[in-house]
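Shown next, in structure tokens, is the structure this report addresses.
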Amino acid sequence: MSAGLTVLAPAASAAARGADVLYFTLVGFSTFMAGIFIVLIAVFSYRYRKGSQANRDKPPTHAKGLEAAWTIAPLMVFLGLFVWAAYDYARQSQPPDDAMPIFVVARQWMWKAEHANGRREINELHVPLNTPVKLIMTSQDVIHSFFVPAFRNKRDVVPGRYSVLWFEADRAGEYPLLCAEYCGTDHSAMIGRIIAMPPEAYARWRDEGARHPGVAQRGYALFRQHGCIGCHAAASTVHAPELAGLPGRRVHLADGGTITADETYIRDSILEPQKQIVAGFDTIMPSFKGQLNEEEIMAIIEYIRSLDAGRHAGERP
Ligand code: CUA
């Protein structure tokens, strides 16, 4: 196992080590199966070669038990591998509820990250160890792909929507961050590094460099500046949906469907408010398309996330 692992980047999360075990198990079984076929082909080719003395009287036409065995046994093994892989995949796709959000915006040709308190960085991403981290990512131009070999994790970053990638680093160190989708001339230079550090060191790093207001504070300023507050504040006379506690909630829509209010839903509601109307509300909200850039939309979403039962939209975060 360890000899095989040296061909891969060192794994820096439990999920990455799990992926390696699955990978080598798959390669092992496939090699084993292929080996059986190769050996049998060689043995029979030699045994029944032209002119050999092998007994060719009464060749068997079928053997039900044998045929059933060699069909069912590999089927079970590979179905088992499928279930294992599907389970791992589902877990990798579903960030835990308490995951720490970091916003990432990709553009030709750099990665920009913003932490909750407003600290920003480019082509570097500092993360705390043993903490689930959830990246909410979008692109300003073309499709990029956020790839960290040490986490065995990769997700396309697409303009016009959010993609989410999560991981939990458990080994301190620096790991390469790559763009894994051809995105133009300097695609190959769109590289950076992930710096995984103990939680205390991360907190110190994050707080010492905050030159900007926190993301939620910036979202609050935009929320006022663009007039959202006129309808969505608790005291407003306009009938607008309640925003406190919205992220993650199931929302009933006017067309009878339901949807989970994730980042993509909130983003769509800001840019295309006519599309998914909440049941019981009128289609009076104007679109903010062209008025907000990706980083501003992310800030507003983070502001909405900062609201809770005790604090309503329109109040300072
Ligand atoms: Cu960005 Cu390739």
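The figures here come from the full heavy-atom set of this structure, side chains too, leaving out hydrogens, waters and symmetry mates. Residue numbers run from 1 in the order of the sequence given. Whatever order the structure lists ligands and atoms in, that order sets their numbers, starting from 1.
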For E121, which of K112, H115, R206 qualifies under side-chain hydrogen bond (donor to acceptor under 3.5 Å, both in side chains)?
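When side-chain hydrogen bond (donor to acceptor under 3.5 Å, both in side chains) is applied between E121 and each of K112, H115, R206, only H115 qualifies.
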Report yes or no: is the cationic atom of R155 (NZ for Lys, CZ for Arg) under 6.0 Å from the centre of the six-membered ring of W166, at an angle within 45° of the ring normal?
no
Check for a donor-acceptor pair, side chain of T138 on one end and backbone N or O of P159 on the other, with a separation under 3.5 Å.
no
Is there a donor-acceptor contact under 3.5 Å from the side chain of D156 to the main chain of S145?
no
Which of the protein's N, O or S atoms come within less than 2.8 Å of atom 1 (Cu) of ligand 1, not counting waters?
H144 ND1, C179 SG, C183 SG, M190 SD
Under 6.0 Å between ring centres, would you say that holds for H126 and Y202?
no
Scan the side chains in residues 85-107 for donor-acceptor partners under 3.5 Å anywhere in the protein, sequence neighbours excluded, and list what turns up.
from: Q92; atom 1: OE1; to: N153; atom 2: ND2; distance (Å): 3.2
from: S93; atom 1: OG; to: Y89; atom 2: O; distance (Å): 2.5

